[in-house]
Amino acid sequence: MIAFLDLLSIAAIAAGTFFFFAGTVGLLRFPDSLSRLHALTKVDNLGLGLIVLGLLPRAESALSALKLVVIWALVLLSGASTAQLIGRALRRGRK
Amino acid sequence: MTPSVIAGLLGAALVGLGLYGLILHPHPLRKLLAFNLIGSGVFLVFGIVARRGAAAGLRFDPVPQAMIITGIVVAFAASAVAVALILRLSAVGRRVTLDPEVPTRPDGGDAK
Amino acid sequence: MTELWTTTPGGYLIVLAILLPLAGIILSFTLGGRSAERVALGSTPFGLALACAIALHVGRAGKPIVYVIGALEPPLGIALRADGISAIMLITTAVIVTAAALYARAKFATPDGIRESRSSLIFWIMLQSIWAALIIIFVSGDLFNLYVALELLTFAAVPLVCIDGRPETLVAALRYLLFALFGSICYLLGVALLYGAHGTLDIPLLAQRVQSTPVVWTAAALMTGGLLAKTALFPLHLWLPPAHANAPAAASAVLSSLVVKGSFFLTLRLWFYVLPGLSADQAAMVIGCLGSAAIIAGSVMALRQARLKLLIAYSTVAQIGYLFLVFPLATGAQSWSAMSWSACFMQILAHAFAKAAMFFSAGLLAEALGHDQIARLGGAARVLPLTFLTIALSGLSLMGLPPSGGFSAKWLMLQASIISGQWFWTLPILAGGLLAAGYVYRILAPALSDDRISLKSSPKRSQEVLALGLAMIAIALGFMPQTFSDILEIGRPIAAALP
Amino acid sequence: MSLLPYLDICLALLVVAVAFWTIAARDLFASVVGYVAYGLLLAFVWIRLYAPDVALTEAAVGGGVTGVLLITAGKRLGGLRNVGQGERPGFGLSLVAGVLAAAVAGALCAVILMLPDPPPSLAPEAVAAIHGAGAGLGNPITAVLMSYRSFDTMLEKMVLILAVVGVWSVGADNAWGGAPAPFRVSKPDAPMVFLAQMLAPVGVLIGIHIFWVGADEPGGAFQGGALLAAMWMVTMMAGVAQPPRVDARWLRVALVAGPAVFLVIGLAGGVVAGSFFAYPPALAKPIILFIEAFMVLSIAAALPMLVAGSPGERPDR
């Protein structure tokens, strides 16, 4: 069981890291701001989510596990909102 | 190379970089940024002093750490006052510079 | 030696002296409007009384009075100590702040019909803040606590410079702020290194522990450099003239006579109380040379100014230079070091009172004439006799003519430099006196001419009398009895080493 | 764990690179953005130095609040079009400055490597004191800040008040009494409003939590207060809350609450506990938490006011 959880942790964190990496590459390589935004927000949310998922089995207590989830939720909330704001600003700039 | 030595050297490098910027940049806001770099370098030096003082089951000496927190707050307050001055200068139509000789722009309003 | 870290009788007075202006700031800010002025003015007699009480205790006990905050002893806690030099500085500060508060009532009263005006609120809060910060600087026994006090002083002084909001005052304030912040951060870096080397920031504890190591030397250099920038020692004086010349008269007086002395006082604390064991002859020589250069350069610049307030501000740059001669002259336990020590403090006091009187008079002149161009002062002495009497008297002290505090100070300095065999310091001292005579003459000569001049408004008699009173004190300092030097020696580490 | 030293070095190089960018960037705004990233990176360095309290402060202040302050300033200066970078200094001056900076940094490096071994430390005293007469707190840093160096902490809060007064003082005379306006928005942005409404309640809870656990764990009045301050700023930027007038009595009371309570309790200590700023041993912890609660309030009020600037300025669109 413990071995299985460890394996899950490793897999999830590795996947999360991959998404972070991919997102950063996208940020650096994509041609325009909107697609960069796309790479950043979508992939970072997913990447962070996977890392949080991987860390959950290693949490010391239920409270710390809860804190991890809350962190992810907060990042989701602020990431989504700022992406909206940046997107609007970009559209306004284009007009 | 322990983390504390690396951080200490980093602090020294930041002080140097900040000093360079402080002397060279003519714009006050850039000077302020450079000053903040010096500040954080100094706090890092203080930080390795705290880290080196690990003893009695603590991984740090709490006294310098408490001082750093006080220092960061004071440095921020200083930045805020400087920014307020810079913004006010530009609002009264003055070119934002530290040169006392530069005249007020003719179209700029006076403070009074 | 443990008595340095236990609360002594009368120690509580120090805490009260600090908390009084702090409470004043809080009250002024919360109540706002006219109450700010009332709180500030109402607290000055108490502050004056506390300063005198502290001096009385120190003088009577013949040793520093100590208060250990929260009964938590250094090195973990903070101890406050008032020794001889703190006592003298506390009284000086209290007198000048009180005078400035009374003088400023005319300009910074909240106008009728307004609940609160910007400049009045700022002035009364900042005046009390300067007072609080200076008291802490004079009595704190902990180098980090002193850092916070230094910053408090900066934050209080900068808004006073640009209180009238003209663009050039904003530039002056910004420059001052950047210089002051740079000075503080250098000081803080030195503090960090000292803590890293010796694990304490309490002044007497450090004095016992410091050794002549590269770390200590670097720390000392950084702290000194930072403090010199704040004290506006040549060539770091660039910020001072515009800042002091553009502030309103009451603020200029406080800035020029007291605020620069705060950081100078810390330099003295550093070298004579924290590091008396370091033999620093070369460093002292360098500082002495910078001081000499300041005397000459500041006086020459003062001679060339067209505006009265700028002239007075450059004169401050010059007069500060004299103070730094204390470093080559008073280090070590020599027969002349006590003499130089008294000379230095006599110069601090004489300059403080004379300069405050000068700035007050300059403010009165500017208000009465509508300008402060020296070239257009023709005949002004005949319509404003009292003001020009004040300028003449304080000028006497700045030049160092007898009888005056300035004369005593420079005379003692001359004697000390000859006895110590460092005769070369006599040159800048004498040259500075001549140049000072030159710039004072530049103010007085046109004013005493027969030209006719019209006044925009006649100055308030009470303000003139205040300025004259300060100038009289500067003169009276020349008759200071020997007890003055004795008080200055109380708690001075090197004095204990004398046979 | 042999990988960590390399990560440390990489982190240090990254910080230096970003710092270099803020100095070297041609554009004012770019260097401001660089500085914000730099502040966040520094928080990681603090974690590596086992200084979580400092890391929290640095992230909140160095990265967060300073970031808002500088970006607002950079934007407004850029919008005004009279930024005037000034003439680039000549080669000679650059060379002198470079040599000077390198010399200072080199000397500092040397001195840091020369710090004495074993290092002096007050940690044993502090640990003994936590359980002794001082405080009864689990977090030694909070004990130092609130008990052993309470005087410094009180003065620091006074500095914050003076800074607020200083920021307000540069406003125009006729604007006195108005509200600082850079946060005022002409047309609320829907996503911003959504963010403020969702984030602020949670943020306030977390801020209070950080303050509360600060007695025993990393955290404390300043870090908690900074978070509350951030939440107030978000709601103001979204237009959900309006910035207060500078002469509002409640604002002034909130600003001075921390130092005022500190001062009164410090004075009372002289009567009750035998020494100014001493706490009766049995009540030390509740009293400290009581003072800290007001400090949180003061910080939460002071930081947004510092960022908001002087009263009466028009926002730039």
Side-chain angles (χ1 to χ4, degrees), chain C residues 7 12 15-16 18-19 22-23 25-26 29-33 67-72 75-78 80 114-119 121-122 125-126 129 132 136 140 142 144-145 148-149 151-152 155-156 158-159 162-163 165 170 173 189 193 195-200 209 213-215 218-219, chain D residues 104 107-108 110-112 114-116 119-122 125-126 129 133-134 144 147-156 158-159 161-177 247 249 252-253 255-256 259-260 263-264 266-267 269-270 273-279 311:
Chain C
T7 298
Y12 68 94
V15 185
L16 291 183
I18 296 174
L19 294 189
L22 288 185
I25 301 168
I26 291 176
F29 181 64
T30 320
L31 301 174
Y67 195 86
V68 180
I69 294 177
L72 303 161
L76 216 47
I78 298 173
L80 305 175
I114 306 180
R115 207 182 70 75
E116 182 175 286
S117 85
R118 182 186 64 91
S119 56
L121 184 75
I122 305 297
I125 289 181
M126 293 309 172
S129 312
I136 301 167
S140 178
D142 182 277
F144 185 78
N145 190 244
V148 185
E151 292 287 43
L152 200 64
F155 280 92
V158 170
C162 59
I163 200 163
L170 292 170
L189 184 52
L193 291 176
Y195 187 93
H198 299 294
T200 180
R209 293 185 193 173
T213 58
V215 180
T218 313
Chain D
V104 169
L108 211 51
V111 167
I112 286 164
M114 265 188 264
L115 282 174
S121 172
L122 289 177
E125 281 95 332
V144 170
S147 178
Y148 292 90
R149 295 206 150 253
S150 53
F151 202 57
D152 285 348
T153 310
M154 190 192 70
L155 284 182
E156 170 220 307
M158 294 302 291
V159 167
I161 296 181
L162 284 198
V164 170
V165 178
V167 166
W168 287 352
S169 80
V170 298
D173 269 329
N174 53 14
W176 187 259
D247 58 358
R249 183 59 54 85
R252 301 240 174 129
V253 170
L255 281 169
V256 301
L263 200 143
V264 169
L267 267 178
S275 178
F276 292 125
F277 290 94
Y279 311 119

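Protein chains get the first letters and strands the later ones, always in sequence-line order, with residue 1 at the start of each.
The residue among D:Leu115, D:Leu267, D:Val104 with the most heavy atom pairs within less than 4.5 Å of chain C is D:Leu115. Of the residues considered (D:Trp176, D:Phe277, D:Phe151), D:Trp176 shows the highest number of contacts with chain C, using heavy-atom pairs under 4.5 Å. Each of D:Val164, D:Val264, D:Leu155, D:Ile161 has some count of heavy-atom pairs under 4.5 Å with chain C, and the biggest count is that of D:Leu155. When D:Val256, D:Val159, D:Asp152, D:Val111 are compared by the number of non-hydrogen pairs under 4.5 Å with chain C, D:Asp152 comes out ahead. Between chain D and the options C:Leu80, C:Thr218, C:Val158, C:Thr200, heavy-atom pairs under 4.5 Å are most frequent for C:Thr218. Interface summary for chain D: among C:Ala197, C:Gly32, C:Pro159, the most heavy-atom pairs under 4.5 angstrom belong to C:Ala197.
Between the side chains of D:Ser275 and C:Tyr67, at least one donor-acceptor pair of N or O atoms lies under 3.5 Å.
For C:Arg118 (side chain) and C:Ile163 (main-chain N/O), a donor-acceptor pair under 3.5 Å exists by modelled atom type. Panel note: side chain D:Arg149, backbone D:Val144; no donor-acceptor pair is recorded below 3.5 Å. Within the 3.5 Å criterion, the main-chain N or O of D:Val253 finds no donor-acceptor partner in the side chain of C:Thr30.
Only the backbone of C:Ser117 has a heavy atom closer than 4.5 Å to any heavy atom of chain D. For a residue to count as touching a neighbouring chain, one of its non-hydrogen atoms must lie under 4.5 Å from one of that chain's; by this rule D:Leu162 touches chain C with backbone and side chain alike. Proximity to chain C (any heavy atom under 4.5 Å) is shown, for D:Pro119, by neither the backbone nor the side chain. Contacts between C:Leu22 and chain D at a heavy-atom distance below 4.5 Å involve backbone atoms as well as side-chain atoms. Both the backbone and the side chain of D:Ala163 come within less than 4.5 Å of a heavy atom in chain C. Both the backbone and the side chain of C:Val215 come within less than 4.5 Å of a heavy atom in chain D. Residue C:Arg209 does not touch chain D at all, counting heavy-atom pairs closer than 4.5 Å. Residue C:Ile136 touches chain D through its side chain alone, counting heavy-atom pairs closer than 4.5 Å.
Across C:Leu31 and C:Arg115, no two heavy atoms sit closer than the pair O-NH1, 4.3 Å.
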